[in-house]
Number of protein chains: 2
Amino acid sequence: MNFKPEEDILEKYLSSKGLKNSQQRLDVLRVFLETEAHLTPEELHALVKKKFKTIGIATIYRTLKLLCNCGLAKELLLESGATRYEHSYGHNHHDHLICTQCGKVLEVIDPEIEKLQEQLARKHQFYTERHRMEIYGVCRQCKK
Amino acid sequence: MNFKPEEDILEKYLSSKGLKNSQQRLDVLRVFLETEAHLTPEELHALVKKKFKTIGIATIYRTLKLLCNCGLAKELLLESGATRYEHSYGHNHHDHLICTQCGKVLEVIDPEIEKLQEQLARKHQFYTERHRMEIYGVCRQCKK
DNA sequence: TTATCTGCAAAGCCTTTGCACTTAG
DNA sequence: CTAAGTGCAAAGGCTTTGCAGATAA
């Protein structure tokens with residue numbers, strides 16, 4: 001049993017699919033979990049490289065895909081264009097407040113909005129699978 | 001004075017910037033306005049080509065950028081990955097309901113949700129610039 | 001042992017850019 | 001006339017893929 005539940009989840013996912021628990025995959029997961037920032041593959045690559053010099057960017061891309069498949073990470077397509085990844089394990093559905101100055105991303109949730117979104121979909125006879133909402137603006141620190 | 005207000009808007013925008021009213025720019029605008037679909041640059045290129053065989057994809061990209069700058073088009077970054085463009089002139093802010101089966105995109109608006117979004121931002125001391133909301137699901141026709 | 005994984009470099013998308021020729025003003 | 005635009009092809013980002021050597025099971 002690992003210290004982190006996320007490591008168990010990845011391990012079990014890999015085993016169940018007949019995939020291997022490689023050192024690199026664990027390294028990537030650990031570094032990914034160390035920061036709450038919403039990283040790009042390139043940023044994550046730079047961080048992993050600090051500790052494991054030889055890691056290749058292809059392994060980062062491949063591992064991020066695995067992490068998404070087993071529910072540990074989630075892809076985030078923000079308007080800045082770059083694809084970013086956030087932690088998914090233990091994080092319920094949430095929306096994002098994004099500072100257009102410093103790039104900070106806040107995770108927020110409003111049950112009332114969620115309810116209205118569902119009603120809106122129903123009104124148009126859409127069977128909701130998922131939704132996303134992002135508010136872009138300037139945070140308090142940057143406004144000063 | 002042109003038949004379409006959009007043509008006037010483009011013309012005036014170009015003149016004001018010292019840019020030229022080329023035939024191609026008008027061609028692209030006209031074909032863009034002919035369909036309510038949310039097109040990718042490649043799809044628009046194919047449509048324009050039907051009428052103006054020699055148009056190049058670079059001109060499509062360049063013209064779409066101009067149309068965005070003068071408020072006639074708006075870039076749409078949906079989860080499918082492809083960048084799409086929608087009409088912007090005469091269309092107020094709205095959100096999107098997207099069918100994950102047939103790709104249909106409905107433009108919707110809910111004033112109550114808009115209000116709550118603004119409150120949510122204020123609660124976190126964010127000064128809202130804009131926001132986006134997309135609901136992905138299955139439309140009535142596809143559900144049948 | 002052997003199927004999978006890794007790092008590398010090459011290849012693939014989509015989008016932008018440089019260039020020589022063309023055109024609007 | 002000449003600054004700006006066009007189509008083409010080449011170049012740029014980001015992401016994926018093919019491959020030969022490495023490794024988990």
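Just so it is clear: chains get the letters A, B, ... in the order the sequence lines come, proteins before strands, and each one is counted from 1. Owing to the predicted nature of the structure, the values given are computational and were not obtained by experimental measurement.
- Nucleotides of DNA chain D that come within less than 4.0 Å of any heavy atom of chain A span, from the 5' end to the 3' end, dC14(D) to dA25(D).
- Side-chain atoms of Y136(B) come within 3.5 Å of backbone atoms of E79(B) as a donor-acceptor pair (strictly under, hydrogens ignored).
- With respect to the salt-bridge test (charged N to carboxylate O, under 4.0 angstrom), the residues K115(A) and E112(A) qualify.
- Here the two rings, on H45(A) and Y61(A), have centers that are 6.0 Å apart or farther.
- In Q101(B), the CD atom is crowded: over 12 heavy atoms of neighbouring residues, nucleotides or ligands sit closer than 6.0 Å.
- Nucleotide dC5(C) holds its P atom 8 Å from the CG atom of L14(A), rounded to whole Å.
- Among the atoms of the strands shown, only primed sugar atoms or phosphate atoms (P, OP1, OP2) are found under 4.0 Å from some heavy atom of I55(A).
- Per the geometry, CD1 belonging to I60(B) stands 15 Å off C1' belonging to dT16(C), to the nearest Å.
- Minimum heavy-atom separation, P41(B) to T83(B): CD-O, 3.4 Å.
- When the options V31(A), T40(A), L47(A), V48(A) are evaluated for a side chain to side chain contact (heavy atoms under 4.5 Å, CB included) with I60(A), the one that passes is V48(A).
- Counted within 6.0 Å of CD on E42(B), heavy atoms from surrounding residues, nucleotides or ligands total 12 or fewer; the atom is thus considered open.
- Here T40(B) lies out of heavy-atom contact (under 4.0 Å) with every strand.
- Between K49(A) atom NZ and dG7(C) atom P there is a gap of 10 Å when expressed in whole angstrom units.
- Using a 4.0 Å cut-off on heavy atoms, none of the residues of residues 81-88 of chain B approach DNA chain D.
- In this structure, N21(B) and L26(B) have side chains that are not in contact, with every pair of non-hydrogen atoms separated by 4.5 Å or more.
- The number of heavy-atom neighbours closer than 6.0 Å to CZ of R140(A), taken from other residues, nucleotides and ligands shown, is 12 or below.
- No engagement by K53(B) is indicated, since no non-hydrogen atom pair under 4.0 Å with the nucleic acid exists.
- Scanning all heavy atoms of the two residues, the minimum distance from H96(B) to V108(B) falls at N-CG2, 4.4 Å.
- Taking atom CG on L66(A) and atom C1' on dT6(C), their separation rounds to 13 Å, with Å as the unit.
- Here the closest heavy-atom approach between residue L29(B) and residue E7(B) is recorded as CD2-CA, 3.8 Å.
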Exercise for the section: Assign a letter to each nucleotide of nucleotides 18-25 of chain C from its 5' end: B, base within under 4.0 Å of a protein heavy atom; S, sugar-phosphate only; -, no contact. Expected result: B----BBS
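- In this model, the phosphate group of dT4(C) is not approached by any side-chain N or O of K17(A) to a distance below 4.0 Å at OP1 or OP2.
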